[in-house]
Engineer: 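Questions regarding the structure given below will be posed in turn.
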Amino acid sequence: MNKYLQRGILGALLGIALCMLGLFLMGRELSVYKWVLVSGVIVFGIGFLTILYGLIRKIERRSILDERKERQQNNE
């Protein structure tokens, strides 16, 4: 698991936690819940995009390593 996947999972979990906190605050009828919900959605979105970026990097790295291995076998 690369650093982008780890950061993305952490961001997504933090975003979910903030959204849950916002819903809790909404039940308590506190006006700050709007800002907490907005920040939770933004953090979750960034985390989700970071997860996708990490997966793309992982796939790209594997293809580069396979290509190098194939070139090395052809040169021998």
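Remember, it's a predicted structure, so these values are computed and weren't measured experimentally.
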Engineer: OH/Y53 to NZ/K58 distance, rounded to the nearest 0.5 angstrom?
Structural biologist: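 NZ of K58 is found 15.0 Å from OH of Y53.
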Engineer: Is there a path of hydrophobic side-chain contacts, each under 4.5 Å between heavy atoms of I, L, V, M, F, W or Y residues, that connects V43 with V36?
Structural biologist: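 Both belong to a single hydrophobic cluster.
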Engineer: Kindly indicate whether the side chain of L65, heavy atoms from C-beta on, has any atom under 4.5 Å from the side chain of K69.
Structural biologist: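 SC-SC contact between L65 and K69 ruled out.
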Engineer: According to a 4.5 Å side-chain heavy-atom criterion applied to Ile, Leu, Val, Met, Phe, Trp and Tyr, with indirect links allowed, do L52 and I59 form part of one hydrophobic cluster?
Structural biologist: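 Looking at the clustering, I59 is in a separate group from L52.
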Engineer: Quick one: CZ on R68 to CG on D66, what's the gap to the nearest 0.5 Å?
Structural biologist: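 One finds 11.0 Å between CZ of R68 and CG of D66.
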Engineer: Give the table of side-chain donor-acceptor pairs shorter than 3.5 Å for residues 2-26, with sequence neighbours excluded, one pair per line with atom names and distance.
Structural biologist:
unit_1	atom_1	unit_2	atom_2	d
N2	OD1	Y4	N	3.4
N2	OD1	L5	N	2.9
N2	ND2	G54	O	3.3

Engineer: Kindly compute the distance separating CD1 (I42) from CG (L37), expressed to the nearest 0.5 Å.
Structural biologist: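 Going from CD1 on I42 over to CG on L37, the span is 11.0 Å.
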